[in-house]
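The next block holds one structure in the form of structure tokens; read it before the comments.
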Amino acid sequence: MSTTTPPLTPHLHASGRSRLVAYDFGAHLAEWSVDGVSRVWLSREAVLDGSSPVRGGVPICFPWFAGGPDGDLSPSHGLVRTAVWRPVPAEHDEVWAWEISSDDVAGAPGAEHVPGPFRARYAVSLRGAEGAEELHLALRVTNTGHRDYRAEAALHTYLAVEDVRQVQILGLEGAAYLDKVSGRREVQDGPIRLDGETDRIYDRAGPVVVDDRAALGHHEVRPVGAAQTVVWNPWDRKAADLPDLGDDEWLRFVCVETAARGEHALALAAGDTVEIAATLSHHHSPAS
Ligand SMILES: O=P(O)(O)OC[C@H]1O[C@H](O)[C@H](O)[C@@H](O)[C@@H]1O
């Protein structure tokens, strides 16, 4: 008997200069390219059969980030990342939209850690401002229960870069952050330059500019509704432990994540709806 898992069925969309690929699994936007060049990065070793999370694109983390407030929850980044979302009609400039609720994940591993009943809607939109292509990602969460609770969330964006060692990240100068590699709290001194494993939770939302100097271009991430920015790259040694990352692929991305975790988790009063969103754009020429 064969144990091969069939590949996920992709949604494909092309308009203007943009091309998008997404899956119902995790409501995962896997790729965004403009004029054939990746802007949102996908690992060439990404597992695309639903047996594990997709490495790259924009994983949705909810209702906890990483291992949650105390670091002991699984699956990592919450259980909607590996759940199949229901496509729902797109509105306005949306390309795709999906929904998922706590009922949909009842019984899934980790369901016992869900802080309360919820309904989530996620939409991917393409917006063009003066010929520039912009990608807009919005996660809206409703507390469908009768009790207030808090939940963590993140849009875990993998930005494609030419060489992460030459990138500088602007917009977080002077921001306090938790360095998850050293375990220390620090304050960002000047632009961020990466020179080793980087896993930091900044207590500041963007806008953030990723100056990809080797590619003579820059990304912009403009978040709404979340107070934090996570910057992550595993670097060579940690990358070698990740089976879904090809050799040297760690050079080709930096994650700049729009996040609400820990004391900045989303406050969901009974019946309330909150949204976290991020708009991504890319421009040629270095950031000034
Ligand atoms: O390997 P994953 O579960 O996709 O997580 C990848 C990374 O996500 C975030 O950036 C976290 O801050 C990191 O600690 C984690 O290693």
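These values consider heavy atoms only, across backbone and side chains, with no hydrogens, waters or symmetry-generated copies. All ligand and atom numbering here is 1-based and tracks the order in the structure. Quick caveat, the model's predicted, so the values are computed rather than measured.
- Salt-bridge formation is not detected for the pair Asp179/Arg184: no Lys NZ or Arg NE/NH1/NH2 atom is positioned less than 4.0 Å from an Asp or Glu carboxylate oxygen.
- Asp212 and His282 share no side-chain donor-acceptor pair at under 3.5 Å.
- Salt bridge status for Asp203 with Arg185: present, with a side-chain N to carboxylate O gap under 4.0 Å.
- The contact set between ligand 1 and Lys180, taken as ligand atoms under 4.0 Å from a residue heavy atom, comprises 11 (C), 12 (O), 13 (C), 14 (O).
- Not a single heavy atom of Lys238 sits closer than 4.0 Å to an atom of ligand 1.
- Salt-bridge annotation for Arg39 and Glu133: absent, with no side-chain N of the basic residue lying under 4.0 Å from a carboxylate O of the acidic one.
- For atom 5 (O) of ligand 1, the nearest non-hydrogen atom of the protein is His77 NE2, 3.2 Å.
- Every atom of ligand 1 is numbered from 1 in the order shown, and the set under 4.0 Å from a heavy atom of Phe65 is 9 (C), 11 (C), 12 (O).
- At a heavy-atom distance under 4.0 Å, only side-chain atoms of Arg81, from C-beta outward, approach ligand 1.
- The protein non-hydrogen atom at the shortest distance from atom 9 (C) of ligand 1 is His156 NE2, 3.3 Å.
- Note: no N/O pair closer than 3.5 Å links Tyr158 and ligand 1 by distance alone.
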- Report the C-alpha separation of Tyr149 and Arg147 in whole Å, then their side-chain angles, then the decisive distance to 0.1 Å, and conclude whether the side-chain hydrogen bond (donor to acceptor under 3.5 Å, both in side chains) test is met. CA-CA 6 Å; Tyr149 62 82; Arg147 201 176 50 80; over 6 Å; no

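- Protein heavy atom nearest atom 10 (O) of ligand 1, with residue, atom name and distance: Glu257 OE2, 2.8 Å.
- A salt bridge links Arg140 to Glu275: one of the charged nitrogens lies within less than 4.0 Å of a carboxylate oxygen.
- Here the heavy atom of the protein found nearest to atom 14 (O) of ligand 1 is Asp199 OD2, 2.5 Å.
- The part of Ser76 lying near ligand 1 is the side chain, judged by heavy-atom distances below 4.0 Å.
- Side-chain atoms of Glu249 come within 3.5 Å of backbone atoms of Arg44 as a donor-acceptor pair (strictly under, hydrogens ignored).
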